[in-house]
Amino acid sequence: MKTDIQISHIRSASREIVRQVGLLRNRYLSIGSASQCHALVELDTHGEMNIGKLSLLLSLDHSTTSRLAAQMIRDGMCRLQTDENDQRNKLLALTKKGTELARTIHSEAKIQVQEALDLMKVEEKNAVVRGLSLYAKA
């Protein structure tokens, strides 16, 4: 039974985090969808990549990621370029607009996390970092 209680608490906390981050009220609507925001952050963090790699990072299927990339290209957030090492490989890269949007996401998210951490003691902060890291890996 203890496992059921732990699962319930984790699910409840996960839902609350989603709400606090603002995903349910479309906090980043001016930037794009939640999927676009995640894609922008991954492209900014990891640099140019093909659709397959982005699909893996986002845990989305290839066709969904392809549609997401096409929309981001239409919106001027990204561009497709040819891989210098393999002419058949097309890489998705951020445009200036995409880079600016990614910076906005990073900045807003950093402020939001900092405000939450400011309410915690050092040991609580360490527990949150460790717990979320372990949970994400699992």
For Arg88, enumerate each residue passing the side chain to side chain contact (heavy atoms under 4.5 Å, CB included) test, keeping only those at least two apart in sequence or located in another chain.
Asp86

If you apply the rule side-chain contact (heavy atoms from CB on, under 4.5 Å), what do you find for Gln36 with Ile105, and how did you get there?
CA-CA 11 Å; Gln36 286 174 329; Ile105 295 165; over 6 Å; no

Exactly one of Leu91, Leu56, Leu92 clears side chain to side chain contact (heavy atoms under 4.5 Å, CB included) with Ile51, and that residue is Leu92

Using every non-hydrogen atom in the two residues, find where Gly76 and Lys97 come nearest and quote the distance to one decimal.
O-CB, 3.5 Å

Rounded to the nearest 0.5 Å, what separates atom CD in Glu100 from atom OG1 in Thr104?
7.5 Å

Taking Ile73's backbone N and O only, do any of them form a donor-acceptor pair with Arg79's side chain (distance below 3.5 Å, no angle check)?
no

Test: side-chain hydrogen bond (donor to acceptor under 3.5 Å, both in side chains). Region: residues 124-138. Which pairs qualify, not counting sequence neighbours?
none

Can you list everything that forms a side chain to side chain contact (heavy atoms under 4.5 Å, CB included) with Asp61? Sequence neighbours excluded, please.
Ser63, Thr64

Side chains of Leu68 and Leu58: does their closest heavy-atom pair fall under 4.5 Å?
yes

Can you name the residues that form a side-chain hydrogen bond (donor to acceptor under 3.5 Å, both in side chains) with Arg11, not counting sequence neighbours?
none

Kindly write out the residues that satisfy side-chain hydrogen bond (donor to acceptor under 3.5 Å, both in side chains) with Glu16, not counting sequence neighbours, or none if the list is empty.
Gln20

All heavy atoms of Gly98 vs all of Leu40, minimum pair found to be O-CD2, 3.8 Å

Between Asn50 and Lys53 the two heavy atoms that sit nearest each other are OD1-N, 2.8 Å

Quick check: does any side chain N or O of Thr82 sit under 3.5 Å from a backbone N or O of Lys90, one acting as donor and the other as acceptor?
no

What do the steps show when you test Glu108 against Gln112 for side-chain contact (heavy atoms from CB on, under 4.5 Å), and what is the final call?
CA-CA 6 Å; Glu108 288 185 21; Gln112 188 176 31; over 6 Å; no

Taken in chain and number order and not counting sequence neighbours, the residues that satisfy salt bridge (Lys or Arg N to Asp or Glu O under 4.0 Å) with Asp44 are Arg103

Check whether Leu80 and Leu94 end up in the same hydrophobic cluster, where Ile, Leu, Val, Met, Phe, Trp and Tyr are linked by side-chain heavy atoms less than 4.5 Å apart.
yes

Before giving the answer on side-chain contact (heavy atoms from CB on, under 4.5 Å), spell out for Thr65 and His62 the whole-Å C-alpha distance, their side-chain angles and the decisive distance to 0.1 Å.
CA-CA 5 Å; Thr65 306; His62 195 278; 5.8 Å; no

Is it true that Gln81 and Glu48 share a donor-acceptor pair across their side chains at a distance under 3.5 Å?
yes

